[in-house]
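Here is the structure we will look at, set down as structure tokens.
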2 protein chains.
Amino acid sequence: MGFVTLKDVAKVAGVSYATVSRALSGSPEIGENTRKRVIRICEEMGYTPNAVARSMVMKRTNILGLIVTSLNNPFMSEMTAHIEIYARQCGYNLMVCNSSYDRELEKEVFSLLVSRKVDGVIMIPVGNESYDALKTLTAQVPTVFIGENMQDLPENYVSVDNAAGMQHATEYLYGLGHRKILYLGARENSMTHKLRVGGYLTACERLGIAPHVLNNTSPRSSFEVGYALADAYFAGTHDETAVLCAADTLAIGVIKAAYERGVRIPEDISLMGFDNLSFSALPPIDLTTVNQPKQALAAAAVDMLLNRIKNPDAPYTKTILSPSVVERSSCRRTDA
Amino acid sequence: MGFVTLKDVAKVAGVSYATVSRALSGSPEIGENTRKRVIRICEEMGYTPNAVARSMVMKRTNILGLIVTSLNNPFMSEMTAHIEIYARQCGYNLMVCNSSYDRELEKEVFSLLVSRKVDGVIMIPVGNESYDALKTLTAQVPTVFIGENMQDLPENYVSVDNAAGMQHATEYLYGLGHRKILYLGARENSMTHKLRVGGYLTACERLGIAPHVLNNTSPRSSFEVGYALADAYFAGTHDETAVLCAADTLAIGVIKAAYERGVRIPEDISLMGFDNLSFSALPPIDLTTVNQPKQALAAAAVDMLLNRIKNPDAPYTKTILSPSVVERSSCRRTDA
DNA sequence: GAATTGTCTGAAAACGTTTGCACTGCATTT
DNA sequence: AAATGCAGTGCAAACGTTTTCAGACAATTC
């Protein structure tokens, strides 16, 4: 399809194409009458500026890259939605890539984005060690990470305060009278999850109650894992009055196991999650959980990235946001 | 950040930059020894081709635009995931935009994508009338629509066969012994929904059972609407043994209303949805529903778009995929 | 009326590629 | 031995912008 270019407009308007450019860019060094005339002709001819050509000379694309592990995950897709909307308000478009939990693919799409000359990259990495593998890549374009994975590495990232969140959750259950609280789904292979279980343990110590942790040795926090752990747990003798899950997804599995075992939630046992995924609010689930402020995280990530683009040599920064308990119907006061 | 360009490589290698370009593009008109040497030097210098410059001269970006109403919607985010993955396999990156159910925004982001010279656009439009408003835009870049909204308009689209899907659903319930089936959530303001309720009515007539339709006058199929309709329905006298919802989201609301009214699913009444959203498979919901083959829809949309890019003047085409019933636990055989 | 200022416009370079065309040198053909 | 062909390489144009620099012209100042 043949497009109208600056030159075409210039020819019709009888001016140089530099003048057309200036008329459209709102440059002050142009006569008001010529500007109006040129703009009118642009509209008449249906001129659309070519962003590619502009990027070429401006040496910036106004495009941000986003790499997520999977858009099928509700946390990721909600984050993506917020990032896209906020970035666009800041004048940037978003190029989205799935890494599909594959480290090789993650590197590959990063390279693609570099090649496309995106101005910056926001990334939810596959795992903790990502940084090492991506060292050479992040050197090529400003990057910010989402999630606490990078915590002990000198990189930019935004995250929720996972330890504090789980501490609040524990305290919340304690406040409802619970003294025996099971922590379900601790993982050693994720910084995020280490911090979460740490928050639980801290709270237990502070409150003077005995911790009880059920570990998840798989690399993900799926509801299958939650089901398996809870099923085994309910099968044995148990005297906890509340189950605190390391993630909402796990809690879904717990609900199923509880139902099958005839354990009622919240009558027999209280259940709490972490993340506040969209489905947790659905009436049949209605899970009390800890909210990750997704919109705020998204905005913080974009802001941080934009700052970094402006000032690439600034020292690394991090932004930690506070999560908060959202009360729903899966927890109940206890006297036990 | 200063990057290595073709010229830099050429200087070091002692060849013209045309030669470097040819070495990398796999052109046959170049000596094997020079090619190897040049490629080695490229790697040593960490050369990354500049996709923007390439787009400039090639007059194509290898970028596809995707406009969805909201990435927060699980149907959209799943579709987006599949489209991104498949498009990348075809050598295209994806630029994603939310229209946020706003027709003005929809036009705006479409223009943005045109300006960015994406090679094509896939769009899940805000509403039926989109086509008229976007006529001038779709003329500027190959576009395919997802969803049956455009059905009576000459455009490219892929969709699931909504009428057949709902017909199957009705027949499925009939097969379980249901003779009184409520259709909940019919909408007049959406082609998709007109077709769905049409499928239900067709099936009723064919099976010789009396239809009973509850209309939804709001512009969306939210679970609040499902709740309100079901709550009113359960409050009155009702003798249906099954509720067939126009969308999974509506069914969520029905579950809540049923629970509150002491109506058990599926013991007292069977419940069926349409769409097979990801949350419908969650154990606490486990909704029998009609599956939209999202991966196939995504692939069909990308294929169609790529064909159109190759052959912009071909006549409009449509692809209609068959939905299928997915059996879960919200429906049960009845003798009533 | 000449010099000076200031406002507006045009010419042209630059951005980093791809590719058509011309050229070189060597091997093959006649 | 000359002519032809061909593989390999370089030159330069082109893609559509932005922006620097210089120039033109009018308005102001002396």
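Every chain is numbered from 1, with letters handed out A, B, ... down the list of sequences. Model, not experiment: these values are computed from the prediction.
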query = What is the nucleic acid contact for B:S25, judged by heavy atoms within less than 4.0 Å: base, sugar-phosphate only, or nothing?
reply = nothing
query = When we call it a touch if two heavy atoms are under 4.0 Å apart, what does A:S55 touch: a base, just sugar-phosphate, or nothing?
reply = nothing
[X] charged N/C atom sitting above [Y] aromatic ring, 6.0 Å / 45°:
| X | Y | result |
| --- | --- | --- |
| B:K318 | B:Y157 | no |
| B:R22 | B:Y17 | no |
| A:K117 | B:F3 | yes |

Provide, to the nearest angstrom, the distance between the [atom1] atom belonging to [X] and the [atom2] atom belonging to [N].
| X | N | atom1 | atom2 | answer |
| --- | --- | --- | --- | --- |
| A:I30 | D:dC25 | CD1 | P | 18 Å |
| B:L6 | D:dA13 | CG | C1' | 16 Å |
| A:L24 | D:dT18 | CG | C1' | 12 Å |
| B:R37 | D:dG8 | CZ | P | 14 Å |
| B:D8 | C:dT17 | CG | C1' | 13 Å |

request  = Please name the pair of heavy atoms, one in B:V302 and one in B:A87, separated by the smallest distance, quoted to 0.1 Å.
outcome  = CG1-CA, 4.3 Å
inquiry  = So for the helix from C:dG1-D:dC30 to C:dT30-D:dA1, with five pairs setting each end axis, what is the inter-axis angle to 10°?
reply    = 60°
query = Do the side chain of A:K294 and the main chain of A:Q292 share a donor and acceptor less than 3.5 angstrom apart?
reply = yes
request  = Report yes or no: does A:E84 contribute a side-chain atom to a donor-acceptor pair with the main-chain N or O of B:N98 at less than 3.5 Å?
outcome  = yes
ask   = Under 3.5 Å, is there a donor-acceptor pair between the B:N93 and B:R88 side chains?
value = no
Donor + acceptor pair across side chains of A:Y47, A:D8 (<3.5 Å) = no
query = Where along nucleotides 10-15 of chain C does protein come under 4.0 Å, by heavy atom, of base (B) or sugar-phosphate alone (S), with - for untouched nucleotides?
reply = BBB--B
